[in-house]
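Below you'll find the structure, written out as structure tokens, and then a few comments.
All values derive from a computational prediction rather than experimental measurement. In what follows, chains carry the letters A, B, and so on, assigned in the order in which the sequence lines appear, proteins first and then strands, with residues in each chain numbered from 1.
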There are 2 protein chains.
Amino acid sequence: MSDIAARVGVSQALVSLVFRNQPGASPQTRERIFQAADELGYRPDAAAQLLRRTRSRQLGVLFTMRHPHDVDIVEAIYPAAEKHGYNVALSAMAVARDERQAVDELLALRSEAILIIGAASRPSDLTSIVGQTPVVEINPRTRADGADAVRTADSKGVRQAVDHLAELGHRSIAHVDGGTMPGASERRRGYRTSMRRRGLAGHIQILAGDYTEESGARAARELLAQDHLPTAVIAGNDRCAHGLLTTFLRAGLRVPEDVSVIGYDDSQLARLSFIDLTSVRQGAADVAELAVQAAAERLDEGRTTDRDIVLEPTLVVRGSTGHPHPR
Amino acid sequence: MSDIAARVGVSQALVSLVFRNQPGASPQTRERIFQAADELGYRPDAAAQLLRRTRSRQLGVLFTMRHPHDVDIVEAIYPAAEKHGYNVALSAMAVARDERQAVDELLALRSEAILIIGAASRPSDLTSIVGQTPVVEINPRTRADGADAVRTADSKGVRQAVDHLAELGHRSIAHVDGGTMPGASERRRGYRTSMRRRGLAGHIQILAGDYTEESGARAARELLAQDHLPTAVIAGNDRCAHGLLTTFLRAGLRVPEDVSVIGYDDSQLARLSFIDLTSVRQGAADVAELAVQAAAERLDEGRTTDRDIVLEPTLVVRGSTGHPHPR
DNA sequence: CTGAAAGCGCTAACAC
DNA sequence: GTGTTAGCGCTTTCAG
């Protein structure tokens, strides 16, 4: 940068101003600076900027790449952050890399807030940073004290699913739950109450699962081994629904003629033509926007109280649900 | 850090030494420094370290999260980088975020080398950095001049697939290709030559695809519309195979009894019990290790010539392939 | 509109 | 073993 200053014959400070689009330089100087930068192949140095700036305007994002819906959210965070004037630092959780390491890295990079997608941690793991740094949890397993949360009204989502099926004429509707995964207990509760409200308490059947394809496949096999197959199954998420659906197909059943299947997330998977899954939508763009907004409120507007932001889910009806067919 | 120094009553430089595990401090001092750091809640500042250090030892990784196999590679890069003493900086390519932006960000963070997974770019997009910064392309569409590449011998992989099917008794083997996607042309070529070598030139049938599930589904529909369905299909990758397989199932066919399907990548998808896809393996851990190694060779050992690292693929036989059944 | 000077938190080279 | 010094590349403050 000093090279540019020397070349153009101005001070370094002025060059800095120009790059930051601050007022205080004549249009001609600006032009000459940009040109010189170009000629010299100048690249800003993020380390130096970060070090010197009073605010880093960095948002740290913690994620895993295993759920298609989480991927959608990560992608949506970029434009949302930009809109609020923040940069994004990514840190992946992987098998050999736990949440602590990933958070430490983000904090070392001066992240002003941490967004965690599908937090696996027990609240205790976060206590060290909560309070020091704003934390926004997106679809957490359990809400940590002192952190904001963005999630959808899971019980309502499942209720819509049950209502949709009931209106199609289904009575025997099973649910494969998500165990301790984010939102799973609320979805399970939503299933139970909606079934009761519809007078289908006697048809309640919950199978244990965990949001993976294999848990869906396992549940499907369990159901196939029963005397009496339910006419519809609500999965804990899309991945689980995928396992259910394909295992049914493999067994020679037809979806939705023999059995209807509903997923949760409305991820890319649900939209595939050969999956074509009726699913409960949690808009990734909305979730990302609200999460960034929550962080910005703490950072820019000084909010200090916790917010629990609950989005309304909507059922997206596709080809995996239909009227039950008497056999 | 100066706080710690003051508290313990030593110089800042000594504290720095201790944190970097360098020799030059007595065990007692070390202990006292660590304790003071703990009490003060000290966190290292990556920006300052990066700025001051002669070497950043950062590896920039460019990726998309859309292919399960790419995700596997990203995860595998962490341990590989650590082994070679490097940190990892992630930058995602997404719809609203092109390769240029992502690379600029990584370079601003002082990445000493860039690893690109499944590079979409035409070589021209990289010319500005190639030569300035070592670039390693993992499974690139086309190899850029001046960059290293890590990929598998795609033609051999497909050849193994053809051989496996031929040995099972298949003659009518189709291929859904990957268009201009990484490795696709070589896989296509491998298919053609292996078929000819087996005396199956008359059975060569190539359908256009692009490594997505939908292209597999589309190809399956095309095949189903034909008078004569091939007894086996080799897909361009696992995602494509997934679309093929499920579309066949939907149409009431059985896999592998009515049609065998082979994928490519041996990604997580292939291993799902209800997909159970015979697939050509490109070990993510090996790919990651070799890519990091290639970068390290340039950075630490001064290599300046390009390397094209080609891995031997292996066919992983699962349940989606079997003997052809006469109908 | 422009410039000079200070310093962010740390590391590297050298002296003691 | 330990301390001193200088300075990475940039932004910020204050003075022209």
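Overall bending of the helix from dC1(C)-dG16(D) to dC16(C)-dG1(D), expressed as the angle between end axes built from five pairs apiece, is 30° (10° steps).
The closest side-chain donor-acceptor pair between R141(B) and T180(B) falls under 3.5 angstrom. Side chains of H69(A) and Q268(A): no donor on one and acceptor on the other come within 3.5 Å. Between Q282(A) and D266(A), the side chains place no donor N or O within less than 3.5 Å of an acceptor N or O (distance only, hydrogens not considered). Side chains of E289(B) and Q293(B): a donor on one and an acceptor on the other come within 3.5 Å. Side-chain contact, S26(B) with R30(B): no donor N or O sits under 3.5 Å from an acceptor N or O.
Nucleotides of DNA chain D lying under 4.0 Å from heavy atoms of chain A occupy a range whose first and last members, 5' to 3', are dG9(D) to dT12(D).
Every residue two or more places apart in sequence or in another chain that forms a side-chain contact (heavy atoms from CB on, under 4.5 Å) with D210(B) is listed here: T212(B), S215(B). Under the side-chain contact (heavy atoms from CB on, under 4.5 Å) criterion, T133(B) pairs with L107(B), I114(B), sequence neighbours left out.
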List, with names and distances, any nitrogen or oxygen atoms from the protein found under 3.5 Å away from nitrogen or oxygen atoms belonging to nucleotides 2-5 of chain C.
from	atom 1	to	atom 2	distance (Å)
dT2(C)	OP1	T29(A)	OG1	3.3
dT2(C)	OP2	S26(A)	N	3.1
dT2(C)	OP2	T29(A)	OG1	3.3
dG3(C)	OP2	S11(A)	N	2.7

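Across all strands shown, S2(A) has no heavy atoms under 4.0 Å from either base or sugar-phosphate atoms. Contacts of F19(B) with the nucleic acid, taken as non-hydrogen atoms under 4.0 Å apart, are absent. Within 4.0 Å of R110(B), counting heavy atoms only, lie sugar-phosphate atoms of the nucleic acid but no base atom.
The structure places CG of L290(A) at 9.0 Å from CD of E297(A), a figure rounded to the nearest 0.5 Å.
For the pair A48(B) and P27(B), nearest-nucleotide mapping onto DNA chain D gives the more 5' position to P27(B).
Geometric assessment of R57(B) against the ring of Y86(B) yields a positive cation-pi assignment under the 6.0 Å and 45° thresholds.
Between D148(A) and the choices R298(A), R307(A), R143(A), the salt bridge (charged side-chain N to carboxylate O under 4.0 Å, His left out) rule is met once, by R298(A).
Between Q22(A) atom CD and dC1(C) atom P the separation is 14 Å, expressed in whole Å. Per the geometry, CG belonging to L51(B) stands 12 Å off P belonging to dA12(C), to the nearest Å. When rounded to the nearest whole Å, the span between CG of D45(B) and C1' of dT11(C) equals 13 Å.
The side-chain hydrogen bond (donor to acceptor under 3.5 Å, both in side chains) pairs that include a residue from residues 3-14 of chain B are R7(B)-E39(B), where partners are two or more places apart or lie in different chains.
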